[in-house]
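First the structure, in the form of C-alpha cells, and then the observations on it.
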Amino acid sequence: MLIKNALGISSSEITPRSTYMRRRDFLAALVTLPTVSRMVTTTDALTPKAAVTSYTNFYEFGSNKGDASRNSGAFKAAPWNVTVDGLCGKPGTYALEDILKPHPLEERVYRMRCVEGWSMVIPWDGFPLANLLKRFDPSAKAKFVEFTSVERPSEMPGVRRGILPFPYREGLRMDEAMHPLTILAAGLYGETLLTQNGAPLRLVVPWKYGFKGIKSIVRIRFVERQPVNTWQDANPVYYGFYANVNPEVPTPSYSQATERRLGEFFMRHTLPFNGYGDQVASMYAGMDPKRLF
Ligand SMILES: Nc1nc2c(c(=O)[nH]1)N[C@H]1C(S)=C(S)[C@@H](COP(=O)(O)O)O[C@H]1N2
Ligand SMILES: [Mo]
C-alpha cells in the first residue's frame, strides 16, 4: 500500500517503509519535500526548528504560543481544497495537489518579524504566489487579493471560544501579491508544514509583520476594494492593512524599534521593511509612512 500525503508524494518513496510507519505514529503525515532551488536572503543564522514549530501564533487554537501545537490533535490538513474566485477569468475550487502540481517548491530563507517584537529566520519551502494567481487570469478590475483561513469549530478550540472574529482573513494589494518575494509555503525545514505553522498552505510576506502570513488558506479572492484583515477588524488602533515592518512607528503596546531574535540574548535593531527595503520600498513611494503600518 502506498500512503500519500496531501502533496501526492509517497513517503515510502523517500524513507524506508518501516522508518516511515514508525515516524507516522508520532507525526501523522510529516513528509520530506523535494525543492528545486534555494534563495537565501540573510546571513543571519537559522532559528532552530524546535523554536519555529513551538513558538507560534494561531488563534484558532488558542492565544498562547504553545496552544497550536498542543491543541491541534483533531485538525485534519488533508484532504484540502482551495477556492480561487472573485474578479478573474478562471475561478475554481481545486484540491491542494492540483494547486501545487505546476509549482516546484523552492527553499526560501527569510527573516520574519512579529508585531509582538520577536523575530526568526525560517527556511520555507514554497513558490511565488504570483505564479499561482496568474493561472486564474485576474481581471484589470482586481486591485487587491483577499485570503481566508479555514474555520472549523469542532477541530479548533480558539474558534469555539470566539477569541477573534473568525474566519481569519488577510489581504494584499495586487502588486504586493505579485511581488517575487511573496510566497505560498507548503513546508519549512524541508518537511510539510505542521498544523501550528499553517498546514497545509500559508502565506509568507517577509517585509511585513507576521500577522499578514495567514495560515491554512481555503480561499483566495480577487477584489476591487481593500479588504479588512482580521487583526485590523479586531483592533484598528493596533493593526493596519499594510503592516510593513517600520522601526519608526511604535504600536500602542510595543516599540517596533528593536526585536528579540528567538534563541538570542541581545536585542537587535529592527530594519525598515524588515531589511527588504531595496526590493520593496518603491511600491510605497509617496505614501505616508504612518499608513505603512
Ligand atoms: N489563520 C491564522 N493565521 C495566522 C495567525 C492566526 O492567529 N491565525 N497568526 C499570525 C501571526 S500574529 C503570526 S506572527 C504568524 C506566525 O507564523 P508562525 O507561527 O508560523 O511563525 O502567523 C500569522 N497567521
Ligand atoms: Mo504576529
Side-chain angles (χ1 to χ4, degrees), residues 46-72 75 77 80 82 108-126 146-153 155-172 182-189 191-220 227 229-235 238-240 243-245 251 253-254 256 259-263 270 274 293:
L46 298 181
T47 302
K49 185 163 83 171
V52 177
T53 57
S54 58
Y55 198 84
T56 63
N57 272 340
F58 201 165
Y59 276 58
E60 285 86 334
F61 296 102
S63 53
N64 293 320
K65 293 291 174 283
D67 283 351
S69 41
R70 275 194 301 271
N71 304 338
S72 61
F75 183 74
W80 195 268
V82 181
R108 295 282 185 98
V109 177
Y110 283 165
R111 280 189 299 271
M112 307 299 297
R113 171 67 158 76
C114 177
V115 75
E116 292 165 6
W118 46 270
S119 65
M120 302 193 200
V121 178
I122 303 181
W124 298 106
D125 304 294
E146 182 186 68
F147 304 84
T148 309
S149 292
V150 76
E151 181 186 22
R152 292 189 196 144
E155 299 173 19
M156 298 174 140
V159 171
R160 287 200 292 278
R161 286 190 286 130
I163 57 179
L164 272 181
F166 295 116
Y168 195 96
R169 283 153 299 136
E170 257 306 337
L172 293 173
T182 304
I183 59 168
L184 285 176
L188 59 81
Y189 266 107
E191 290 176 329
T192 47
L193 290 176
L194 292 169
T195 298
Q196 56 265 38
N197 294 114
L201 192 69
R202 57 88 54 83
L203 182 66
V204 177
V205 194
W207 69 94
K208 293 179 180 285
Y209 292 115
F211 65 84
K212 298 299 286 184
I214 183 172
K215 295 174 168 178
S216 306
I217 295 168
V218 291
R219 188 175 188 197
I220 300 175
N229 44 311
T230 293
W231 279 106
Q232 191 184 18
D233 186 11
N235 195 337
Y238 283 46
Y239 308 102
N244 291 326
V245 174
T251 58
S253 47
Y254 300 92
Q256 300 296 341
E259 65 196 56
R260 196 177 70 82
R261 177 70 46 83
L262 257 68
T270 290
N274 203 26
F293 170 71

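Both backbone and side-chain heavy atoms feed into the values below; hydrogens, waters and symmetry mates do not. Numbers here simply count residues along the sequence, with the first being 1. Each ligand, and each atom within it, is numbered from 1 in the order the structure gives.
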>> Could you check whether any side-chain N or O of D125 sits under 3.5 Å from a backbone N or O of L188, counting only pairs where one atom can act as donor and the other as acceptor?
In response: yes
>> With a 4.0 Å cut-off on heavy atoms, is S216 in contact with ligand 1?
In response: no
>> Side chain, backbone, both or neither: which applies to E60 and ligand 1 if a contact is any heavy-atom pair less than 4.0 Å apart?
In response: side chain
>> Which of the numbered atoms in ligand 1 are under 4.0 angstrom from any heavy atom belonging to F58?
In response: 1 (N), 2 (C), 6 (C), 7 (O), 8 (N)
>> Among S149, G213, A51, which one puts a heavy atom closest to atom 24 (N) of ligand 1?
In response: G213
> Heavy atoms only: which of F211, W231, F147, Y168 is nearest to atom 2 (C) of ligand 1?
Replying inline: Y168
> Are any of the side-chain heavy atoms of V245 and Q256 separated by less than 4.5 Å?
Replying inline: no
> Rounded to the nearest 0.5 Å, what separation is found between the CD atom of E151 and the CZ atom of F166?
Replying inline: 8.0 Å
> If you measure from each non-hydrogen atom of R202 to ligand 1, which part falls under 4.0 Å: side chain, backbone, both or neither?
Replying inline: side chain
> When you measure from atom 15 (C) of ligand 1 to each heavy atom in A185, P167, G210, which option holds the nearest one?
Replying inline: G210
> Near C114, which atoms of ligand 1 are under 4.0 Å from a heavy atom of that residue?
Replying inline: 14 (S)
> Which ligand 1 atoms does T56 reach within 4.0 Å, using its non-hydrogen atoms?
Replying inline: 19 (O)
> Is the backbone of N64 close enough, under 3.5 Å, to the side chain of D67 for a donor and an acceptor to pair up by distance?
Replying inline: yes
>> For atom 22 (O) of ligand 1, what is the closest protein heavy atom, and at what distance to 0.1 Å?
In response: K215 CE, 3.3 Å
>> Which heavy atom of W80 sits nearest to which heavy atom of A199, and what is that distance?
In response: CH2-O, 4.3 Å
> Nearest protein heavy-atom contact for atom 7 (O) of ligand 1: which residue, which atom, what distance?
Replying inline: Y59 N, 2.7 Å
> Can you find a pair of side-chain heavy atoms, one from W231 and one from V115, that are under 4.5 Å apart?
Replying inline: no
>> Looking at every non-hydrogen atom in both residues, tell me the closest pair between C114 and N57 and how far apart they are.
In response: SG-ND2, 4.0 Å
> Are side-chain heavy atoms of T230 and F211 found at a separation under 4.5 Å?
Replying inline: no
>> Among all the protein's non-hydrogen atoms, which is closest to atom 9 (N) of ligand 1, and how far away is it?
In response: N57 O, 3.2 Å
